[in-house]
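One structure below.
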Amino acid sequence: MKSLVELQAGESLENVQLAPVTRLDLIKYAGASGDYNPIHTIDEEAEKAGLPGIIAHGMWTMGNLAKLFTPYYEEGFIQDYQIRFRSMVFLNDVLTLKATLKENMDNKLNFDVEAVKQDETVVIKGTVQFLTYA
């Protein structure tokens, strides 16, 4: 595995593919986050809200995107993280997490990041600034 500081603009981190989204994932996240909105856990409530089924919490998806940087926490930390939600995530969706280095400015690495569903729908897109200790 290459060190982050060795990356050149345009190079990507190794993609991370998540397991299919399960109801239990969302129930656990609701408990951990305190977000008990029933559109995330109860089919009937999601349908009453006009959705085709329960949807994942946006912050669950955003939090998972940080997994791209887990192997590099000995080198530094995420200093800034900005995303835009683009599409909903449903049960059984499989997300692939992606990060591409946009620029390397000494110890500040700016990445473009996104989470993409199995049908190539982008569900979140944004930027991460990773600050290295070097």
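For the residue pair Thr61 and Asn64, no side-chain donor N or O sits within less than 3.5 Å of a side-chain acceptor on the partner. Of the N and O atoms on the side chains of Ser12 and Thr100, at least one donor lies less than 3.5 Å from an acceptor on the other residue. For the 3.5 Å distance criterion, the side chains of Asn15 and Gln17 fail to qualify, holding no donor opposite an acceptor.
Remark: Lys2 NZ is packed, more than 12 non-hydrogen atoms of other residues, nucleotides or ligands lying under 6.0 Å away. The number of heavy-atom neighbours closer than 6.0 Å to CD of Gln79, taken from other residues, nucleotides and ligands shown, is above 12.
Within the hydrophobic cluster formed by Ile, Leu, Val, Met, Phe, Trp and Tyr side chains joined at under 4.5 Å, directly or through other members, Phe77 is accompanied by Leu131, Tyr133. Grouped with Val116 in one hydrophobic cluster are Val122, the linkage being side-chain heavy-atom contacts under 4.5 Å among Ile, Leu, Val, Met, Phe, Trp and Tyr residues.
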* To do: Test salt bridge (charged side-chain N to carboxylate O under 4.0 Å, His left out) on Asp43 and Arg23 and set out the steps.
  => CA-CA 10 Å; Asp43 295 310; Arg23 185 180 307 270; 3.0 Å; yes

* Asked: What do the steps show when you test Thr121 against Arg86 for side chain to side chain contact (heavy atoms under 4.5 Å, CB included), and what is the final call?
  -> CA-CA 9 Å; Thr121 300; Arg86 313 256 332 243; over 6 Å; no

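Applying the salt bridge (Lys or Arg N to Asp or Glu O under 4.0 Å) test to residues at least two apart or on different chains, the pairs with a partner in residues 116-134 are Asp93-Lys117, Glu114-Lys125. Sorted by first and then second residue, the pairs that involve residues 68-78 and meet side-chain hydrogen bond (donor to acceptor under 3.5 Å, both in side chains), not counting sequence neighbours, are Ser3-Glu75.
Residues that satisfy the side chain to side chain donor-acceptor pair (under 3.5 Å) test with Lys28, not counting sequence neighbours, are absent from this structure. For His40, the ring pair (Phe, Tyr, Trp, His ring centres under 6.0 Å) partners two or more places apart in sequence, or in a different chain, are His57.
When side chains are defined from C-beta on, Asp25 counts as touching Trp60, because their heavy atoms get closer than 4.5 Å.
At least one donor-acceptor pair under 3.5 Å links the side chain of Glu11 to the backbone N or O of Gln8. A donor-acceptor distance shorter than 3.5 angstrom exists from the side chain of Tyr81 to the backbone of Met62, with no hydrogens or angles considered. Not a single donor-acceptor pair under 3.5 Å links the side chain of Asn92 to the backbone N or O of Val94.
Ile124 and Ile39 fall into different hydrophobic clusters, where Ile, Leu, Val, Met, Phe, Trp and Tyr are joined by side-chain heavy atoms under 4.5 Å apart, directly or via other members.
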